[in-house]
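Everything on this sheet refers to the single structure shown next.
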Number of protein chains: 2
Amino acid sequence: MDVARAAGVSAITVSRAIRTPGRVSTEARARVAAAIRDLGYTPDPAAKALASSRSDIVGVLVPSVTNSVFLDTMRGLYEVCETTDYRVQIANTRYSAAEEERLLRMFLTQRPAGLIVTGIDQSAATAGLLRSAPCPVVQITEIGPAPFDMMVGFSHSDAARVAAEHLVDSGYRRIAFLGARRDARSTRRLSGFRAGLEGKGLYNPARVLFADRPSSVPLGAEQLVELLTRDPDADAVLCNNDDLALGVLFECQRRGLAIPDRFGICGFNDISAMATACPAVTSVQTPRREVGRQAMTMLLARLADEDPGRPVRDLGFRLVRRDSTRRGQGAVAPGPGRVRPIA
Amino acid sequence: MDVARAAGVSAITVSRAIRTPGRVSTEARARVAAAIRDLGYTPDPAAKALASSRSDIVGVLVPSVTNSVFLDTMRGLYEVCETTDYRVQIANTRYSAAEEERLLRMFLTQRPAGLIVTGIDQSAATAGLLRSAPCPVVQITEIGPAPFDMMVGFSHSDAARVAAEHLVDSGYRRIAFLGARRDARSTRRLSGFRAGLEGKGLYNPARVLFADRPSSVPLGAEQLVELLTRDPDADAVLCNNDDLALGVLFECQRRGLAIPDRFGICGFNDISAMATACPAVTSVQTPRREVGRQAMTMLLARLADEDPGRPVRDLGFRLVRRDSTRRGQGAVAPGPGRVRPIA
DNA sequence: ATGAAAGCGCTAACAG
DNA sequence: CTGTTAGCGCTTTCAT
């Protein structure tokens with residue numbers, strides 16, 4: 001009202017000048033802009049939300065705020081969102097379907113502008129809420145057959161299968177799978193791993209290890225120890241996560257297991273440490289950041305009534321082959337098994 | 001209104017039954033509770049915020065969503081906040097004072113329940129806004145002399161000084177400091193580092209390296225290369241961040257620099273990888289998670305009109321000495337310079 | 001302990 | 001293109 005008075009127009013014209021400047025005369029728009037500036041007016045998001053039944057909050061449901069994998073995706077979401085007036089709100093489901101549903105209901109009471117949820121394994125109740133949500137919904141990180149609305153991710157099982165096949169092709173035969181806390185995605189990766197090995201008759205469930213705690217470097221080291229107890233002749237691992245792979249690398253160094261000749265390591269996600277490690281560690285590069293960027297971009301396009309493009313996007317992945325699986329090739333860069341003897 | 005009708009009371013009684021149950025008769029409270037359950041009522045946060053000039057949002061200003069250091073603190077904040085009806089909203093200042101001010105103003109228009117800001121180096125404008133903010137404010141990560149309101153952190157310069165002294169005490173003499181993007185905290189850590197070395201006449205600015213990009217493992221490796229170009233006889237580094245320390249470790253392994261005898265490494269923060277690395281890396285353990293927990297706990301106490309305890313809390317730090325600086329002590333666990341010759 | 005009235009600041013809906 | 005009217009769902013204030 002103050003702005004309206006100062007600009008000599010009505011309140012609704014101020015509102016329109018802000019939200020749909022195209023529907024206000026150039027002249028009025030200028031006067032409103034000047035008044036806003038002079039008075040230092042800022043809109044009240046609560047009043048806006050109440051009147052329009054729509055907040056400027058984009059709710060994001062992630063299973064973990066611990067896992068650096070989601071961090072990269074969050075970064076992508078933020079990067080895009082920060083250019084707008086929408087605000088990201090993150091809620092942590094802790095890998096619990098019940099918690100996910102509760103948090104989703106919490107978001108829905110806020111009349112979110114959009115919703116971003118992780119994965120494709122929602123409970124029936126959550127799925128129902130999402131399907132009838134009064135806002136755009138993007139599922140991220142995975143892709144699957146029946147999107148609620150939009151979807152950006154890649155196939156985790158394909159990625160693991162390709163990695164497993166790479167290990168086989170590199171000459172490894174007693175290949176293990178290391179995972180941390182088991183969730184829908186890691187299970188899917190395991191099935192890709194299994195598919196990759198079963199064709200060659202190399203799959204052995206005794207070489208599949210999961211844990212009951214989050215992924216970490218120490219866990220990887222511990223799991224290597226456990227693996228070698230179960231099968232002293234295990235000769236390679238596919239780690240569900242690069243943290244684990246680093247832990248395996250360090251433990252190999254500690255035990256003097258030559259990488260890649262005696263033992264091969266493949267990580268998952270390809271965090272930047274993988275390329276720098278000694279030896280550099282083979283990993284599956286996943287488009288985490290880009291998943292976040294595209295998810296938010298699609299969401300914003302829909303909110304702006306623009307064309308969001310393809311609603312389901314498989315962003316793929318890429319196996320990055322490095323020394324940790326470059327077996328028996330003589331002139332390899334110095335690796336842990338090849339570090340110059342020192343002092 | 002629906003709930004009120006069902007419970008046979010007025011709307012305001014429902015409101016009171018929810019917010020201040022003590023001021024409603026047991027009987028009315030029970031009827032309201034039943035009605036809420038039967039109708040599946042959930043309060044509208046926008047209407048609540050509009051009517052009361054107070055949202056349930058706790059705004060958090062962090063310089064980076066990239067840096068895993070802040071991630072740990074966020075985790076602590078979330079852990080505590082998740083037990084309440086308040087919601088965390090994170091905004092990313094990108095190490096920019098102007099951006100910080102803009103985002104703070106954005107938060108203020110939301111009438112936040114509380115505000116959490118990183119560090120003690122706010123601009124004058126930001127400081128003014130914070131000092132007169134109509135809600136509790138907690139500064140996190142550092143401690144300093146003039147809190148706006150509450151403060152939880154530790155002394156970064158002391159921590160770096162202790163680490164530097166440890167390197168000196170371990171026998172290193174040409175000690176370098178590696179930092180990524182320079183900010184207020186890293187500058188303060190550098191001054192601690194300098195203080196630790198200057199007493200012994202060992203400080204040399206040629207051995208101080210900063211970068212123009214975020215901390216990462218690859219950056220640490222690159223900076224070691226750069227350092228050795230500048231001073232081939234450098235014999236230790238204090239890394240401003242554990243990522244950098246890992247990069248240095250890998251680069252040392254690659255170059256066959258024996259750790260700890262030829263080269264000592266000390267990290268900062270003590271992420272879990274440090275203890276698992278080969279050799280294990282000395283680092284300064286910092287209470288990141290606990291900073292988050294206590295900050296949110298204090299904030300909630302104030303919001304509940306309870307005693308928040310000491311308003312300024314120095315949570316300290318702890319140097320964790322490991323093999324990467326355990327110089328010339330003969331029987332050391334196998335380290336990169338001591339890995340058994342392989343195959 | 002409870003209620004009635006008023007209004008938070010904005011926008012939807014309907015004019016004109 | 002602009003304005004009027006009527007709320008959005010809750011809490012404040014003042015009564016009782």
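Here is the naming used below: chain letters follow the sequence lines, and residue numbers restart at 1 for every chain.
- Remark: A:Ser15 is not in phosphate contact with C:dC10, judged by side-chain N or O atoms under 4.0 Å from OP1 or OP2.
- A close approach under 4.0 Å does not occur between any side-chain nitrogen or oxygen of B:Arg23 and OP1 or OP2 of C:dT2.
- In this entry the distance linking CZ of A:Arg19 with P of D:dC1 reads 15 Å, nearest Å.
- A:Arg54 places its CZ atom 16 Å from the C1' atom of C:dC10, with the value rounded to the nearest Å.
- Between A:Lys48 atom NZ and C:dA12 atom P the separation is 10 Å, expressed in whole Å.
- Between C:dA4, C:dC10, C:dA1, one nucleotide has an atom nearer to the side chain of B:Ser10 than all others, and that is C:dA4.
- With rounding to whole Å, B:Ile12 atom CD1 is found 10 Å from C:dA4 atom C1'.
- In this entry the distance linking CE of A:Met1 with C1' of D:dT4 reads 12 Å, nearest Å.
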query = Stepwise, does the salt bridge (charged side-chain N to carboxylate O under 4.0 Å, His left out) test hold for B:Arg302 with B:Asp149?
reply = CA-CA 11 Å; B:Arg302 277 277 289 278; B:Asp149 183 0; 3.0 Å; yes
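- Using a 4.0 Å heavy-atom distance criterion, A:Ser53 is classed as making no nucleic acid contact.
- Across all strands shown, A:Ala28 has heavy atoms under 4.0 Å from sugar-phosphate atoms exclusively, and none from any base.
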message = I'd like to know whether B:Lys48 forms a salt bridge (charged side-chain N to carboxylate O under 4.0 Å, His left out) with B:Asp85, so could you lay out the CA-CA distance, the side-chain angles of the two residues, the decisive distance to 0.1 Å, and finally the verdict.
response = CA-CA 13 Å; B:Lys48 179 187 300 198; B:Asp85 284 329; over 6 Å; no
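- Both A:Arg29 and B:Ser52 sit near DNA chain D, but only A:Arg29 has its closest nucleotide nearer the 5' end.
- Comment: A:Arg31 engages A:Glu27 in a salt bridge, judged by a side-chain N to carboxylate O separation of less than 4.0 angstrom.
- We find that CD of B:Glu27 is positioned 11 Å from C1' of C:dA1, with the value rounded to whole Å.
- Projected onto DNA chain C by closest heavy-atom contact, B:Ala47 and B:Val9 fall at different nucleotides, the more 5' of which corresponds to B:Val9.
- Note: CG (A:Asp44) to C1' (C:dG9) measures 6 Å, nearest angstrom.
- For B:Ala11 and A:Arg16, each mapped to the nucleotide of DNA chain C holding its nearest heavy atom, the one lying further toward the 5' end belongs to B:Ala11.
- Not one N or O on the side chain of B:Arg111 forms a donor-acceptor pair closer than 3.5 Å with the backbone of B:Ser53.
- Side-chain N/O atoms of A:Thr13 include one lying less than 4.0 angstrom from OP1 or OP2 on D:dG3.
- Per the geometry, CD belonging to A:Gln110 stands 14 Å off P belonging to D:dC10, to the nearest Å.
- In this structure, B:Pro43 and A:Thr109 have side chains that are not in contact, with every pair of non-hydrogen atoms separated by 4.5 Å or more.
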